[in-house]
Engineer: 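Please find one structure pasted underneath; my questions will follow.
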Amino acid sequence: MDYHFQCTLCGDELDPRTTRYVCPKHGDDGILDTILDYKAIAAKTSPQKISDARDFSIWRYADLLPLDDATKFAPPLAVGWTPLYRARTIGAQLGLSNLYIKDDGRNPTASFKDRASAFVVAKARALGVEIITTASTGNAGAALAGLAAAAQMPTVIFVPETAPQAKIAQLLIFGSRVMLVTGNYDQAFDLCLAASKEFGWYCRNTAYNPYTVEGKKTASIEICEQMSAVSGQRSAVWSAPDRIFVSVGDGNIISGLWKGLRDLAALGWIDQMPKLMGVQADGSAACYNAWKAGTEKITPVGATTLADSISADIPRDGVRAVRAVRETGGAYLTVSDDEILAAIRDLARAEAVFAEPAGAAAYAGLIKAVKQGLVKSDETMVCLITGSGLKDIKSAMRVAGEGTRIEPTLEAVRKAIG
Ligand SMILES: *Cc1c(COP(=O)(O)O)cnc(C)c1O
């Protein structure tokens with residue numbers, strides 16, 4: 001399929017054969033959108049055709065992705081088609097009759113980032129590059145390490161040395177060259193960029209590589225297809241939810257969700273545009289601040305939150321992330337670290353979905369939106385859980401409570417439950 005890039009800042013159109021990452025006019029800030037040929041897509045496929053596909057992964061949407069022969073280059077790990085649960089217990093607690101939870105912690109390396117890394121690795125294979133690099137708070141790196149291992153490609157990953165141990169373990173076990181940066185994510189990001197330029201490595205850095213958002217868009221496409229399955233309808237149009245709640249750090253996930261929805265809207269495959277609800281930690285709220293101030297200008301913050309995956313001084317996809325919320329008529333919300341921790345526990349006990357802090361933040365934001373009267377009780381809403389709780393058990397243990405230490409006798413059990 002023919003496609004081209006368009007700069008999100010100046011609208012200039014660029015040729016993917018000559019432009020690899022960003023708009024030359026705007027340097028590293030010139031994040032690119034991918035403009036697809038919707039006529040060609042519509043001629044090739046349809047919602048009914050996709051719904052008949054037996055491939056239960058992101059590659060069922062290959063015809064909507066800017067990569068020819070996608071299945072030939074796709075790394076052989078099952079990414080996507082994560083479960084969408086009807087959240088009856090939480091729904092009853094919050095008075096919401098149509099609430100769903102999508103558990104993207106169920107991806108192969110246990111986070112949403114597998115969607116982007118799978119597509120970037122496929123793209124890297126098609127381009128014939130040798131080494132892939134990325135900066136990461138942990139999950140993007142773990143996803144790249146895993147997907148690249150599946151394709152037998154070497155990687156160099158830059159993470160803050162303070163990243164949760166489980167995420168560093170993933171990088172190491174998949175065989176990446178791991179750079180533990182004595183600095184924060186933003187410093188790791190800039191260092192990775194510089195290293196990729198210096199050594200000629202293919203750079204997956206979030207948003208800087210235009211294909212991360214294309215991989216991530218599969219989640220909102222999946223939501224619309226799965227919602228249609230829920231409603232039992234099998235028609236030419238999928239049913240989009242009224243709202244999607246998602247946590248925001250760099251702003252690339254929310255931009256990806258928006259891109260998927262814009263693709264579906266342009267194709268006429270959804271009946272409405274969902275309102276995107278972005279949730280940030282109050283200690284890392286650059287997108288929220290810009291949205292609140294009614295500007296697209298992102299002012300850097302000194303990020304502090306225990307939700308490491310959404311801790312970013314400068315959201316690399318901030319402009320698009322603010323637009324995604326404003327243009328869909330959604331809202332940004334902020335939540336405290338205490339609210340995030342409580343959300344991990346409450347979500348696990350109510351719906352048995354165990355989220356890492358950044359994943360649970362979306363749920364904490366939903367609770368806040370209900371309290372603030374931002375949502376109606378019968379709206380169809382999806383809360384996207386972006387990462388598994390096993391990624392960061394230290395945080396979970398802060399709210400999990402304690403086990404009872406006993407001697408190995410029935411007597412001790414009787415006493416304990418007494
Ligand atoms: C990366 C990540 C996010 C935030 O995505 P951005 O694109 O940085 O906004 C949220 N949750 C988890 C678990 C993540 O890994």
Side-chain angles (χ1 to χ4, degrees), residues 31 82 102-107 109-117 120 134-146 159-160 163-164 166-167 170-171 185-186 188-189 204-209 211-217 219-220 244-260 276-281 284-288 291 298 303 305-322 324-325 332 335 340 343-344 347 353-365 383-392 395-396:
I31 302 306
T82 56
K102 186 165 176 65
D103 184 8
D104 248 56
R106 288 279 299 274
N107 275 302
T109 76
S111 90
F112 186 103
K113 298 295 197 297
D114 285 331
R115 295 178 185 273
S117 290
V120 169
T134 197
S136 172
T137 59
N139 286 340
L144 179 62
V159 283
K167 299 183 184 182
Q170 286 182 294
L171 302 177
Y185 168 61
D186 297 82
F189 192 102
R204 180 225 176 270
N205 270 12
T206 294
Y208 177 78
N209 185 314
Y211 298 120
T212 57
V213 96
E214 289 294 308
K216 289 176 178 183
K217 80 180 183 185
S220 55
I244 302 174
F245 283 78
V246 64
S247 64
V248 174
D250 270 329
N252 195 240
I253 292 184
I254 199 166
S255 298
L257 297 178
W258 188 38
K259 178 56 163 50
L276 291 173
M277 307 291 283
V279 184
Q280 294 210 281
S284 178
C287 291
Y288 168 87
W291 172 79
I298 303 288
T305 170
L306 67 76
D308 59 293
S309 302
I310 49 171
S311 183
D313 292 358
I314 307 166
R316 302 293 167 156
D317 213 346
V319 171
R320 208 160 41 176
V322 171
V325 164
Y332 269 101
V335 293
I340 290 172
I344 295 176
L347 180 65
V353 171
F354 183 15
E356 70 163 270
Y363 174 50
C383 186
L384 183 58
I385 303 302
T386 42
S388 162
L390 292 175
K391 292 270 196 177
D392 179 5
S395 292

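Whatever order the structure lists them in is the order used to number ligands and atoms, beginning at 1. Quick caveat, the model's predicted, so the values are computed rather than measured.
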Engineer: Which protein heavy atom lies closest to atom 10 (C) of ligand 1, and at what distance to 0.1 Å?
Structural biologist: Ser247 OG, 3.1 Å
Engineer: Hey, are Ser117 and Arg115 close enough side-chain-wise for a donor-acceptor pair under 3.5 Å?
Structural biologist: no
Engineer: Are any of the N/O atoms in Gly251 less than 3.5 Å from those in ligand 1?
Structural biologist: yes
Engineer: Just by distance, no angles: are the side chains of Thr212 and Asn252 close enough, under 3.5 Å, to form a donor-acceptor pair?
Structural biologist: yes
Engineer: Would you say Ser111 and ligand 1 have an N/O pair spaced under 3.5 Å apart?
Structural biologist: no
Engineer: Any N/O of Gly249 closer than 3.5 Å to an N/O of ligand 1?
Structural biologist: yes
Engineer: Counting only heavy atoms, tell me which of Asp308, Asp250, Ile310, Ile385 gets closest to atom 8 (O) of ligand 1.
Structural biologist: Asp250
Engineer: Check each atom of ligand 1 against the heavy atoms of Asn139 and keep those under 4.0 Å away; list them by number with element.
Structural biologist: 13 (C), 14 (C), 15 (O)
Engineer: Just by distance, do the side chain of Lys102 and the backbone of Thr82 share a donor-acceptor pair under 3.5 Å?
Structural biologist: yes
Engineer: Is the shortest side-chain heavy-atom distance between Thr386 and Ser309 below 4.5 Å?
Structural biologist: no
Engineer: Among Asp308, Asp313, Asp250, find the residue that satisfies the side chain to side chain donor-acceptor pair (under 3.5 Å) test when tested with Tyr185.
Structural biologist: Asp250
Engineer: In terms of residue, atom name and distance, what is the protein heavy atom nearest to atom 12 (C) of ligand 1?
Structural biologist: Thr386 OG1, 3.3 Å
Engineer: For ligand 1, is there an atom lying under 4.0 Å from some heavy atom of Arg316?
Structural biologist: no
Engineer: So for ligand 1, is Lys113 a polar contact partner (N or O within less than 3.5 Å, distance only)?
Structural biologist: yes
Engineer: Out of curiosity, Lys167 NZ to Glu356 CD, how far, rounded to the nearest 0.5 Å?
Structural biologist: 3.5 Å
Engineer: Between the main-chain N or O of Thr109 and the side-chain N or O of Lys391, is there a donor-acceptor pair closer than 3.5 Å?
Structural biologist: yes
